[in-house]
Number of protein chains: 4
Amino acid sequence: MTIINNNTPIYQQLADKISDDIVEKKLQSDEKVPSVREIAADYEVNANTAMKAIELLSSNGIIYNKRGMGYFVSNEADDIIRANKKKEFIENDLPKVIKTMHQLGISINEVEQEFNNYKN
Amino acid sequence: MTIINNNTPIYQQLADKISDDIVEKKLQSDEKVPSVREIAADYEVNANTAMKAIELLSSNGIIYNKRGMGYFVSNEADDIIRANKKKEFIENDLPKVIKTMHQLGISINEVEQEFNNYKN
Amino acid sequence: MTIINNNTPIYQQLADKISDDIVEKKLQSDEKVPSVREIAADYEVNANTAMKAIELLSSNGIIYNKRGMGYFVSNEADDIIRANKKKEFIENDLPKVIKTMHQLGISINEVEQEFNNYKN
Amino acid sequence: MTIINNNTPIYQQLADKISDDIVEKKLQSDEKVPSVREIAADYEVNANTAMKAIELLSSNGIIYNKRGMGYFVSNEADDIIRANKKKEFIENDLPKVIKTMHQLGISINEVEQEFNNYKN
DNA sequence: GTGGTCTAGACCACC
DNA sequence: GTGGTCTAGACCACA
């Protein structure tokens with residue numbers, strides 16, 4: 001991944017990236033998350049920005065802190081991430097998409113095609 | 001509609017609302033768009049914010065100005081709005097939705113249900 | 001209040017101070033909270049530090065944001081602050097105090113005296 | 001007891017635990033304090049952290065060192081611990097608790113109940 | 001005017 | 001080594 005300069009804050013993109021790594025099992029339960037300084041170096045961002053991403057994940061219960069040892073993936077991480085995404089999808093994305101489809105006369109079949117063609 | 005205090009700029013929400021009114025034929029071709037003052041009063045926003053929404057629609061060719069008389073829906077308004085929405089849908093919304101559906105294990109049927117249940 | 005240089009983070013002390021102002025009705029419901037820049041100037045701290053205090057209160061639902069206008073005291077602010085304090089008291093302070101009292105042989109009467117002598 | 005990952009430093013929690021053991025006579029005067037290695041193993045902490053707890057107790061005169069034999073509970077241990085705790089209680093805990101009780105409308109009776117129900 | 005993001009760099013306690 | 005706090009200063013979008 002590269003950090004793209006769109007309107008999404010960098011710290012948010014970093015948190016999303018780490019969440020993705022967890023969902024895709026690149027980071028397992030109780031595995032150590034890269035340190036703030038490592039993240040900052042890897043993505044060439046300031047340590048404070050990396051820290052903010054970590055704080056975001058921590059406050060959501062996705063990672064937990066062992067003092068002086070860094071952050072680790074919590075057991076419930078996967079569930080929390082999925083629940084958050086599902087909530088976001090149901091409440092925001094889906095209604096917006098449905099509305100747009102009706103307005104534009106897009107059929108469910110077109111979406112189904114895209115769905116079936118999807119490669120990760 | 002009420003103006004929500006989420007991440008979407010208020011002026012953008014206003015522009016979207018007016019666009020929707022045009023697509024839904026609540027505002028017809030060459031019909032007068034509510035004045036900046038009316039919009040500001042109706043939605044309880046700052047006049048500058050309402051003005052910014054009008055400017056956005058105007059710069060997109062969706063509305064046009066008659067000096068001293070206000071703004072009016074252009075003949076191509078519907079086409080422009082639909083084209084913009086379609087572009088947005090295809091390039092951003094759809095890929096994101098498809099990806100999320102796969103990640104969360106949401107089937108096309110669930111979306112179809114929402115689609116069929118849709119009331120404007 | 002002056003910001004004391006103990007081990008409590010400045011941003012936490014600032015948030016506590018604002019919470020106290022709310023409980024003591026110096027800040028009423030829907031009243032504007034001083035801006036980040038004002039707080040920073042008043043207490044002679046960096047704007048980022050003031051911002052962090054505001055974020056803390058906001059994430060707790062004690063204040064809410066009106067875009068471009070600043071932060072305002074939420075209606076439930078008082079309830080939330082009291083609930084948080086009560087939780088803190090019941091879960092942490094009280095058990096610790098009770099244990100210490102037993103260990104030191106301090107009677108409830110001594111505490112009662114202090115309680116009755118209390119001036120705000 | 002388990003070492004909790006709250007704001008209190010782990011070495012401090014360890015020192016408190018050993019102090020408690022002394023006050024509760026689980027460790028008697030001139031009795032040997034568990035070795036740094038034992039403490040580290042028992043509580044699953046780093047040896048350096050355990051060492052820091054020992055140093056803290058030692059510098060307070062609560063335990064003393066016999067070269068090559070380890071640390072032992074000093075005769076004055078109980079007095080020192082009690083004095084420290086009393087100071088802490090009077091200066092910090094009590095005023096804070098009294099203030100919180102008034103703010104939250106907690107009566108002395110509630111505290112008395114907890115006090116009477118206390119089991120070590 | 002308002003908040004919000006980001007950088008660079010310092011300093012600290014803790015493990 | 002780890003996180004965490006703080007400062008100074010910049011830049012931006014939004015109302």
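Worth knowing before you read on, the calculation uses all heavy atoms, side chains too, and leaves out hydrogens, waters and symmetry mates. To find a chain, count down the sequence lines: A is the first, B the second, and so on, and within it residues start at 1.
Straight-line distance from the CZ atom of F72(A) to the P atom of dC15(E): 14 Å, rounded to whole Å. As rounded to whole Å, 13 Å separates atom P of dC15(E) from atom CD of E55(D). dG1(F) atom P lies 12 Å from atom NZ of K32(A), rounded to whole Å. Taking atom CG of N7(D) as the reference point, atom C1' of dC15(E) lies 16 Å away to the nearest angstrom. Counting to the nearest Å, the C1' atom of dC15(E) and the CG atom of N65(A) are 11 Å from each other. The interatomic distance linking L56(A) (CG) with dT5(E) (P) rounds to 10 Å, in whole Å. Whole-Å rounding puts the M51(B) CE to dC14(F) P distance at 17 Å.
Rounding to the nearest 0.5 angstrom, the gap separating the OH atom in Y11(D) from the CD atom in E55(D) is 10.5 Å.
Residue I10(D) is in sugar-phosphate contact alone, with no base atom involved, counting any heavy-atom pair closer than 4.0 Å across all strands shown.
Across all strands shown, the partner of dC14(E) is dG1(F), judged by Watson-Crick or G-U wobble contacts whose two distances both fall under 3.5 Å.
Shown here for L56(B) and Q12(B), the closest heavy-atom pair between the two residues is CD2-OE1, 3.9 Å.
An OP1 or OP2 oxygen of dC6(E) is reached within less than 4.0 angstrom by no side-chain nitrogen or oxygen of T49(A). Phosphate contact (OP1/OP2 of dC6(E), side-chain N/O of Y11(A), threshold under 4.0 Å): absent. Contact annotation: R67(A) reaches the phosphate of dC15(E) (side-chain N/O to OP1 or OP2, under 4.0 Å). Contact annotation: Y71(C) reaches the phosphate of dG4(E) (side-chain N/O to OP1 or OP2, under 4.0 Å).
Between K52(A) and Q12(D), the residue anchored nearer the 5' end of DNA chain E, judged by the nucleotide with its closest heavy atom, is K52(A). Looking at which nucleotide of DNA chain F each of N46(B) and A47(C) is closest to, the 5′-most match is held by A47(C).
The side chain of P9(D) sits closest to dC15(E) out of dT7(E), dC15(E), dT2(F).
The backbone N or O of G61(A) sits less than 3.5 Å from a side-chain atom of S74(A), completing a donor-acceptor pair.
Taking 3.5 Å as the limit, the base of dG3(E) and the side chain of R37(C) contain a donor-acceptor pair of atoms between them. With hydrogens and angles ignored, no donor-acceptor pair under 3.5 angstrom links the side chain of N48(B) to the base of dA15(F).
With respect to K99(C) and D20(D), a salt bridge is recorded, a charged nitrogen being found less than 4.0 Å from a carboxylate O.
For the pair K66(A) and F72(A), the cation sits on the ring face: its NZ or CZ lies under 6.0 Å from the ring centre, inside 45° of the axis.
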